[in-house]
Amino acid sequence: MTELDGRTALGLLRTMCRIRVFEERVGKLKRADEVHGLIHLSVGQEGVAAAVCGQLRDDDPIYTGHRPHGHAIAKGAPLDGVLAELMGRADGLCRGLGGSMHLVDVAHGLLGATGVVGGNIPMAVGTALSVRMLGGDQVAVAFFGDGAVQAGHFTEAINLAALWRLPLILVCENNGFAEFTPRSAHTTVEWVSDVVAPYQLSSRTVDGNDVAEVWASFGELLSAARQGTGPALLECLTHRLRGHYEGDPDRYREAVSTEDWQRKDPIQRLRRRGVDAGWFTEDDVAGAERDAETAVDEAVRSARDSPFPPATLAASVVYAGGAAR
Ligand SMILES: Cc1ncc(C[n+]2csc(CCOP(=O)(O)OP(=O)(O)O)c2C)c(N)n1
Ligand SMILES: [Mg+2]
(Lines give C-alpha, C1' and ligand atoms only; values in the text may rest on other atoms or scores of the structure.)
(Ligands and ions follow the chains in the order given, each with its own letter.)
Protein backbone atom coordinates (compact mmCIF):
# COMPACT_ATOMS: atom_id res chain seq x y z
CA MET A 1 0.00 0.00 0.00
CA THR A 2 1.18 3.48 -0.83
CA GLU A 3 0.02 5.11 2.41
CA LEU A 4 -0.11 8.86 2.84
CA ASP A 5 2.33 10.57 5.19
CA GLY A 6 1.89 14.05 6.69
CA ARG A 7 4.08 15.85 4.17
CA THR A 8 2.36 14.24 1.20
CA ALA A 9 -1.09 14.87 2.69
CA LEU A 10 -0.33 18.57 3.12
CA GLY A 11 0.95 18.73 -0.46
CA LEU A 12 -2.31 17.18 -1.69
CA LEU A 13 -4.35 19.59 0.40
CA ARG A 14 -2.44 22.51 -1.10
CA THR A 15 -3.04 21.24 -4.65
CA MET A 16 -6.74 20.72 -3.95
CA CYS A 17 -7.05 24.25 -2.52
CA ARG A 18 -5.34 25.71 -5.59
CA ILE A 19 -7.78 23.90 -7.86
CA ARG A 20 -10.83 24.91 -5.76
CA VAL A 21 -9.87 28.58 -5.58
CA PHE A 22 -8.99 28.60 -9.28
CA GLU A 23 -12.29 26.99 -10.29
CA GLU A 24 -14.38 29.31 -8.13
CA ARG A 25 -12.58 32.32 -9.57
CA VAL A 26 -13.14 31.03 -13.10
CA GLY A 27 -16.88 30.82 -12.29
CA LYS A 28 -16.83 34.49 -11.27
CA LEU A 29 -14.82 35.53 -14.33
CA LYS A 30 -17.25 33.62 -16.55
CA ARG A 31 -20.22 35.47 -15.03
CA ALA A 32 -18.31 38.74 -15.63
CA ASP A 33 -17.78 37.68 -19.29
CA GLU A 34 -13.98 37.71 -18.92
CA VAL A 35 -13.74 33.95 -19.54
CA HIS A 36 -15.11 32.74 -22.85
CA GLY A 37 -16.73 29.58 -24.16
CA LEU A 38 -18.44 26.72 -22.37
CA ILE A 39 -16.92 26.12 -18.94
CA HIS A 40 -17.15 22.89 -16.89
CA LEU A 41 -15.72 23.20 -13.38
CA SER A 42 -14.35 20.35 -11.27
CA VAL A 43 -15.40 21.69 -7.85
CA GLY A 44 -15.88 18.65 -5.61
CA GLN A 45 -13.72 16.34 -7.75
CA GLU A 46 -10.30 17.80 -6.81
CA GLY A 47 -9.17 14.73 -4.85
CA VAL A 48 -8.83 12.60 -7.99
CA ALA A 49 -6.73 15.11 -9.92
CA ALA A 50 -4.46 15.76 -6.93
CA ALA A 51 -3.89 12.11 -5.94
CA VAL A 52 -3.34 10.86 -9.50
CA CYS A 53 -1.21 13.68 -10.94
CA GLY A 54 0.70 14.00 -7.65
CA GLN A 55 2.29 10.61 -8.36
CA LEU A 56 3.12 11.15 -12.02
CA ARG A 57 6.36 12.44 -13.48
CA ASP A 58 6.47 15.35 -15.92
CA ASP A 59 7.17 12.88 -18.70
CA ASP A 60 4.15 10.69 -17.92
CA PRO A 61 1.63 11.82 -20.55
CA ILE A 62 -1.96 12.60 -19.58
CA TYR A 63 -5.09 13.36 -21.55
CA THR A 64 -8.15 15.03 -20.08
CA GLY A 65 -11.61 15.97 -21.30
CA HIS A 66 -14.16 18.77 -21.07
CA ARG A 67 -13.64 19.25 -17.28
CA PRO A 68 -9.86 19.67 -17.46
CA HIS A 69 -8.65 22.56 -15.27
CA GLY A 70 -7.97 20.49 -12.14
CA HIS A 71 -5.98 17.88 -14.05
CA ALA A 72 -3.89 20.57 -15.76
CA ILE A 73 -3.13 22.37 -12.49
CA ALA A 74 -2.34 19.16 -10.59
CA LYS A 75 0.01 18.08 -13.42
CA GLY A 76 1.97 21.30 -12.99
CA ALA A 77 0.60 23.60 -15.70
CA PRO A 78 1.18 27.23 -14.64
CA LEU A 79 -1.96 28.91 -13.27
CA ASP A 80 -1.37 32.06 -15.31
CA GLY A 81 -1.03 30.09 -18.56
CA VAL A 82 -4.22 28.12 -17.86
CA LEU A 83 -6.21 31.20 -16.91
CA ALA A 84 -4.91 33.29 -19.80
CA GLU A 85 -6.01 30.46 -22.13
CA LEU A 86 -9.52 30.51 -20.67
CA MET A 87 -9.58 34.29 -21.13
CA GLY A 88 -8.47 33.98 -24.77
CA ARG A 89 -5.18 35.83 -24.20
CA ALA A 90 -1.93 35.53 -26.12
CA ASP A 91 -0.01 34.22 -23.05
CA GLY A 92 -2.39 31.29 -22.66
CA LEU A 93 -1.08 27.74 -22.89
CA CYS A 94 -2.28 27.62 -26.53
CA ARG A 95 -1.81 31.32 -27.26
CA GLY A 96 -5.47 31.93 -26.47
CA LEU A 97 -6.72 29.94 -29.43
CA GLY A 98 -7.95 26.83 -27.62
CA GLY A 99 -9.83 27.84 -24.48
CA SER A 100 -10.97 25.65 -21.60
CA MET A 101 -11.45 22.38 -23.48
CA HIS A 102 -8.20 22.51 -25.46
CA LEU A 103 -5.50 22.91 -22.84
CA VAL A 104 -2.07 21.54 -23.79
CA ASP A 105 1.18 21.82 -21.81
CA VAL A 106 3.72 19.42 -23.29
CA ALA A 107 6.45 20.42 -20.79
CA HIS A 108 4.34 18.99 -17.97
CA GLY A 109 3.04 16.01 -19.93
CA LEU A 110 -0.44 17.44 -20.50
CA LEU A 111 -0.90 16.26 -24.06
CA GLY A 112 -4.42 17.52 -24.40
CA ALA A 113 -7.95 18.18 -23.27
CA THR A 114 -10.88 17.54 -25.60
CA GLY A 115 -14.55 18.41 -25.84
CA VAL A 116 -15.22 15.10 -27.59
CA VAL A 117 -16.43 12.91 -24.76
CA GLY A 118 -14.14 9.87 -24.53
CA GLY A 119 -12.16 11.04 -27.59
CA ASN A 120 -9.04 11.29 -25.46
CA ILE A 121 -9.01 7.56 -24.67
CA PRO A 122 -7.93 6.31 -28.14
CA MET A 123 -5.28 9.05 -28.16
CA ALA A 124 -3.97 7.85 -24.80
CA VAL A 125 -3.83 4.31 -26.23
CA GLY A 126 -1.75 5.62 -29.14
CA THR A 127 0.57 7.45 -26.77
CA ALA A 128 0.97 4.34 -24.61
CA LEU A 129 1.79 2.39 -27.77
CA SER A 130 4.47 4.95 -28.66
CA VAL A 131 5.96 4.59 -25.14
CA ARG A 132 6.16 0.83 -25.72
CA MET A 133 7.71 1.21 -29.19
CA LEU A 134 10.31 3.70 -27.93
CA GLY A 135 11.20 1.50 -24.95
CA GLY A 136 10.38 4.09 -22.24
CA ASP A 137 8.95 3.48 -18.77
CA GLN A 138 6.35 6.25 -18.85
CA VAL A 139 2.73 5.49 -18.05
CA ALA A 140 -0.04 7.27 -19.95
CA VAL A 141 -3.18 8.34 -18.11
CA ALA A 142 -6.59 9.24 -19.54
CA PHE A 143 -9.15 11.06 -17.37
CA PHE A 144 -12.80 10.78 -18.39
CA GLY A 145 -16.28 10.66 -16.90
CA ASP A 146 -18.81 7.87 -16.51
CA GLY A 147 -20.67 9.15 -19.60
CA ALA A 148 -17.65 8.43 -21.84
CA VAL A 149 -17.89 4.72 -21.11
CA GLN A 150 -21.03 4.43 -23.26
CA ALA A 151 -19.19 5.76 -26.34
CA GLY A 152 -18.11 3.13 -28.87
CA HIS A 153 -14.53 4.35 -28.96
CA PHE A 154 -14.16 3.51 -25.24
CA THR A 155 -14.61 -0.19 -25.99
CA GLU A 156 -12.39 -0.12 -29.07
CA ALA A 157 -9.65 1.59 -27.10
CA ILE A 158 -9.64 -0.70 -24.07
CA ASN A 159 -9.77 -3.74 -26.30
CA LEU A 160 -6.49 -2.75 -27.98
CA ALA A 161 -4.87 -1.54 -24.75
CA ALA A 162 -5.64 -4.89 -23.11
CA LEU A 163 -4.62 -6.94 -26.14
CA TRP A 164 -1.27 -5.16 -26.43
CA ARG A 165 -0.79 -4.82 -22.64
CA LEU A 166 0.00 -1.13 -22.95
CA PRO A 167 1.29 1.12 -20.13
CA LEU A 168 -2.00 2.98 -19.69
CA ILE A 169 -4.16 3.84 -16.67
CA LEU A 170 -7.74 4.84 -17.32
CA VAL A 171 -9.03 7.10 -14.56
CA CYS A 172 -12.81 7.36 -14.59
CA GLU A 173 -14.35 10.13 -12.50
CA ASN A 174 -17.76 8.59 -11.95
CA ASN A 175 -19.93 11.46 -10.70
CA GLY A 176 -23.16 9.67 -11.53
CA PHE A 177 -24.23 12.08 -14.27
CA ALA A 178 -23.58 12.63 -17.97
CA GLU A 179 -24.72 16.20 -18.52
CA PHE A 180 -28.21 16.12 -16.94
CA THR A 181 -28.80 12.38 -17.17
CA PRO A 182 -28.23 10.10 -14.19
CA ARG A 183 -26.16 6.99 -14.82
CA SER A 184 -29.16 4.72 -14.21
CA ALA A 185 -30.88 6.28 -17.28
CA HIS A 186 -28.10 5.50 -19.74
CA THR A 187 -26.79 2.08 -18.74
CA THR A 188 -27.73 -1.06 -16.83
CA VAL A 189 -24.12 -1.54 -15.63
CA GLU A 190 -23.66 0.05 -12.24
CA TRP A 191 -19.87 0.14 -12.02
CA VAL A 192 -17.44 1.08 -14.75
CA SER A 193 -15.00 -1.50 -13.36
CA ASP A 194 -17.58 -4.16 -14.35
CA VAL A 195 -17.63 -2.86 -17.92
CA VAL A 196 -13.91 -3.61 -18.35
CA ALA A 197 -13.94 -6.91 -16.43
CA PRO A 198 -13.97 -9.17 -19.54
CA TYR A 199 -10.78 -7.51 -20.81
CA GLN A 200 -8.88 -8.60 -17.70
CA LEU A 201 -7.55 -5.17 -16.83
CA SER A 202 -6.51 -4.55 -13.24
CA SER A 203 -9.41 -2.45 -12.02
CA ARG A 204 -10.65 -0.89 -8.80
CA THR A 205 -13.64 1.17 -7.73
CA VAL A 206 -12.77 3.60 -4.93
CA ASP A 207 -14.25 6.54 -3.02
CA GLY A 208 -12.93 9.36 -5.20
CA ASN A 209 -13.61 11.94 -2.50
CA ASP A 210 -11.22 10.17 -0.14
CA VAL A 211 -7.90 11.43 -1.44
CA ALA A 212 -5.95 8.94 0.69
CA GLU A 213 -7.81 6.03 -0.90
CA VAL A 214 -7.27 7.36 -4.42
CA TRP A 215 -3.59 7.92 -3.61
CA ALA A 216 -3.09 4.38 -2.33
CA SER A 217 -4.97 2.63 -5.13
CA PHE A 218 -3.51 4.70 -7.92
CA GLY A 219 -0.02 4.26 -6.45
CA GLU A 220 -0.33 0.48 -6.64
CA LEU A 221 -1.69 0.52 -10.19
CA LEU A 222 1.03 2.96 -11.26
CA SER A 223 3.95 0.95 -9.94
CA ALA A 224 2.56 -2.20 -11.58
CA ALA A 225 1.97 -0.40 -14.91
CA ARG A 226 5.49 1.04 -14.78
CA GLN A 227 6.86 -2.46 -14.47
CA GLY A 228 5.04 -3.48 -17.64
CA THR A 229 2.04 -5.40 -16.29
CA GLY A 230 -0.35 -3.77 -18.75
CA PRO A 231 -3.30 -1.41 -18.53
CA ALA A 232 -5.49 -0.68 -15.53
CA LEU A 233 -8.66 1.20 -14.67
CA LEU A 234 -9.32 3.23 -11.54
CA GLU A 235 -12.96 4.20 -11.06
CA CYS A 236 -13.30 7.07 -8.61
CA LEU A 237 -16.80 7.68 -7.24
CA THR A 238 -17.20 11.41 -6.82
CA HIS A 239 -19.65 14.32 -6.94
CA ARG A 240 -19.52 17.52 -8.86
CA LEU A 241 -20.71 20.23 -6.55
CA ARG A 242 -21.66 22.65 -9.31
CA GLY A 243 -23.82 22.30 -12.40
CA HIS A 244 -22.65 20.44 -15.50
CA TYR A 245 -21.53 23.77 -16.99
CA GLU A 246 -21.36 27.29 -15.61
CA GLY A 247 -24.85 28.65 -16.05
CA ASP A 248 -26.56 25.24 -15.70
CA PRO A 249 -29.82 25.88 -13.80
CA ASP A 250 -29.15 22.49 -12.16
CA ARG A 251 -32.83 21.55 -11.85
CA TYR A 252 -32.39 17.85 -12.61
CA ARG A 253 -31.06 16.71 -9.25
CA GLU A 254 -32.02 17.09 -5.65
CA ALA A 255 -30.45 20.09 -3.98
CA VAL A 256 -27.50 19.00 -1.85
CA SER A 257 -27.90 20.17 1.76
CA THR A 258 -25.09 22.11 3.38
CA GLU A 259 -24.48 19.16 5.66
CA ASP A 260 -24.16 16.72 2.73
CA TRP A 261 -21.94 19.20 0.95
CA GLN A 262 -19.57 19.31 3.90
CA ARG A 263 -19.60 15.55 4.30
CA LYS A 264 -18.83 14.91 0.64
CA ASP A 265 -16.38 17.73 0.07
CA PRO A 266 -12.96 16.06 -0.44
CA ILE A 267 -11.06 19.08 0.85
CA GLN A 268 -12.99 19.24 4.12
CA ARG A 269 -12.62 15.47 4.52
CA LEU A 270 -8.84 15.63 4.15
CA ARG A 271 -8.73 18.67 6.40
CA ARG A 272 -10.55 16.85 9.24
CA ARG A 273 -8.56 13.68 8.78
CA GLY A 274 -5.21 15.43 8.52
CA VAL A 275 -5.75 17.58 11.61
CA ASP A 276 -7.03 14.58 13.63
CA ALA A 277 -4.06 12.45 12.53
CA GLY A 278 -1.56 15.21 13.31
CA TRP A 279 -0.50 15.36 9.65
CA PHE A 280 -0.94 19.13 9.67
CA THR A 281 -2.55 21.90 11.70
CA GLU A 282 -5.43 24.31 11.09
CA ASP A 283 -2.75 26.97 10.56
CA ASP A 284 -1.32 24.90 7.71
CA VAL A 285 -4.81 24.66 6.19
CA ALA A 286 -5.30 28.42 6.48
CA GLY A 287 -1.86 28.89 4.88
CA ALA A 288 -2.80 26.60 1.99
CA GLU A 289 -6.00 28.57 1.38
CA ARG A 290 -4.18 31.91 1.61
CA ASP A 291 -1.42 30.80 -0.77
CA ALA A 292 -4.00 29.54 -3.26
CA GLU A 293 -5.84 32.89 -3.18
CA THR A 294 -2.56 34.77 -3.70
CA ALA A 295 -1.50 32.54 -6.61
CA VAL A 296 -4.90 32.87 -8.30
CA ASP A 297 -4.95 36.68 -7.76
CA GLU A 298 -1.55 36.81 -9.45
CA ALA A 299 -2.79 34.63 -12.35
CA VAL A 300 -5.79 36.94 -12.86
CA ARG A 301 -3.53 40.00 -12.89
CA SER A 302 -1.14 38.42 -15.34
CA ALA A 303 -3.93 37.16 -17.66
CA ARG A 304 -5.59 40.58 -17.72
CA ASP A 305 -2.24 42.15 -18.70
CA SER A 306 -1.84 39.73 -21.57
CA PRO A 307 -3.07 40.99 -24.99
CA PHE A 308 -5.62 39.21 -27.14
CA PRO A 309 -3.83 37.36 -29.97
CA PRO A 310 -3.97 38.97 -33.40
CA ALA A 311 -6.66 37.53 -35.68
CA THR A 312 -3.96 36.57 -38.20
CA LEU A 313 -2.57 34.02 -35.70
CA ALA A 314 -5.65 31.85 -36.22
CA ALA A 315 -4.99 31.55 -39.96
CA SER A 316 -1.35 30.64 -39.34
CA VAL A 317 -2.27 27.48 -37.40
CA VAL A 318 -5.05 26.15 -39.61
CA TYR A 319 -4.00 23.28 -41.83
CA ALA A 320 -5.97 22.60 -45.00
CA GLY A 321 -5.35 19.68 -47.30
CA GLY A 322 -6.22 19.32 -50.98
CA ALA A 323 -6.85 21.98 -53.57
CA ALA A 324 -10.30 22.96 -54.77
CA ARG A 325 -10.65 23.25 -58.52
C1 LIG B 1 -18.83 12.49 -28.49
C2 LIG B 1 -19.65 13.46 -27.68
N3 LIG B 1 -20.94 13.17 -27.42
C4 LIG B 1 -21.70 14.02 -26.69
C5 LIG B 1 -21.17 15.19 -26.22
C6 LIG B 1 -21.99 16.16 -25.38
N7 LIG B 1 -21.58 16.07 -23.97
C8 LIG B 1 -20.74 16.98 -23.44
S9 LIG B 1 -20.36 16.64 -21.84
C10 LIG B 1 -21.33 15.25 -21.86
C11 LIG B 1 -21.49 14.40 -20.64
C12 LIG B 1 -20.25 13.73 -20.24
O13 LIG B 1 -20.49 13.04 -19.04
P14 LIG B 1 -19.28 12.39 -18.30
O15 LIG B 1 -18.40 11.70 -19.28
O16 LIG B 1 -19.86 11.57 -17.21
O17 LIG B 1 -18.45 13.62 -17.72
P18 LIG B 1 -18.89 14.69 -16.61
O19 LIG B 1 -19.50 15.85 -17.35
O20 LIG B 1 -19.85 14.05 -15.68
O21 LIG B 1 -17.62 15.08 -15.95
C22 LIG B 1 -21.92 15.07 -23.10
C23 LIG B 1 -22.82 13.96 -23.44
C24 LIG B 1 -19.82 15.47 -26.53
N25 LIG B 1 -19.22 16.58 -26.09
N26 LIG B 1 -19.07 14.59 -27.24
MG1 LIG C 1 -20.23 12.06 -15.24
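Atoms within each ligand, like the ligands themselves, are counted from 1 in listed order.
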Using a strict cut-off of less than 4.0 Å between a Lys/Arg side-chain nitrogen and an Asp/Glu carboxylate oxygen, indicate whether [X] and [Y] qualify as a salt bridge.
X      : Y      : result
Asp5   : Arg7   : no
Arg18  : Glu46  : no
Arg95  : Glu85  : no
Arg304 : Asp80  : no
Lys75  : Asp105 : no
Arg301 : Glu298 : yes
Asp210 : Lys264 : no

Side-chain contact, heavy-atom cut-off 4.5 Å: Leu168 with Val139?
->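 Side-chain contact under 4.5 Å: no.
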Counting non-hydrogen protein atoms only, what is the nearest one to [atom]? Give residue, atom name and distance.
atom                    : value
atom 11 (C) of ligand 1 : Glu179 N, 3.4 Å
atom 2 (C) of ligand 1  : Val117 N, 3.7 Å
atom 25 (N) of ligand 1 : Gly115 O, 2.8 Å

In terms of atom number and element, which parts of ligand 1 are under 4.0 angstrom from non-hydrogen atoms of [X]?
X      : value
Gly145 : 14 (P), 15 (O), 16 (O), 17 (O)
Gly147 : 13 (O), 14 (P), 15 (O), 16 (O)
Ala148 : 15 (O)

With backbone taken as N, CA, C and O and side chain as the heavy atoms from C-beta onward, which portion of [X] lies under 4.0 Å from ligand 1: side chain, backbone, both, or neither?
X      : value
Phe144 : neither
Asp146 : both
His244 : side chain

Check this for me - ligand 1, [X], N or O atoms closer than 3.5 angstrom, yes or no?
X      : result
Ala178 : no
Arg67  : yes
His66  : yes
Val116 : no
Asn175 : yes

May I ask you to check whether Tyr63 and Phe144 place their ring centres under 6.0 Å from each other?
->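 Here the rings of Tyr63 and Phe144 have centres that are no less than 6.0 Å from each other.
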For this output row, return yes or no: ring centroids of His244 and Phe177 closer than 6.0 angstrom.
->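 Ring centres of Phe177 and His244 not closer than 6.0 Å.
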Polar side chain donor-acceptor pair, His69 to Ser100, under 3.5 angstrom |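 Distance-only check passes for His69 and Ser100.
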Give me the protein N, O or S atoms that fall under 2.8 Å of the Mg ion (ligand 2), sorted by chain and residue number.
->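 Asp146 OD1, Asn175 OD1, Phe177 O, with waters left out.
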Given the protein's heavy atoms, is any one of them under 4.0 Å from atom 4 (C) of ligand 1?
->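 There is no protein heavy atom less than 4.0 Å from atom 4 (C) of ligand 1.
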Sub-3.5 Å donor-acceptor pair from the side chain of Arg204 to the main-chain atoms of Leu233, do we have one?
->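 Checked: no pair found.
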Heavy-atom pair of closest approach, residues Gly47 and Val211 =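 In terms of heavy atoms, the two residues are closest at O-CG2, 3.5 Å.
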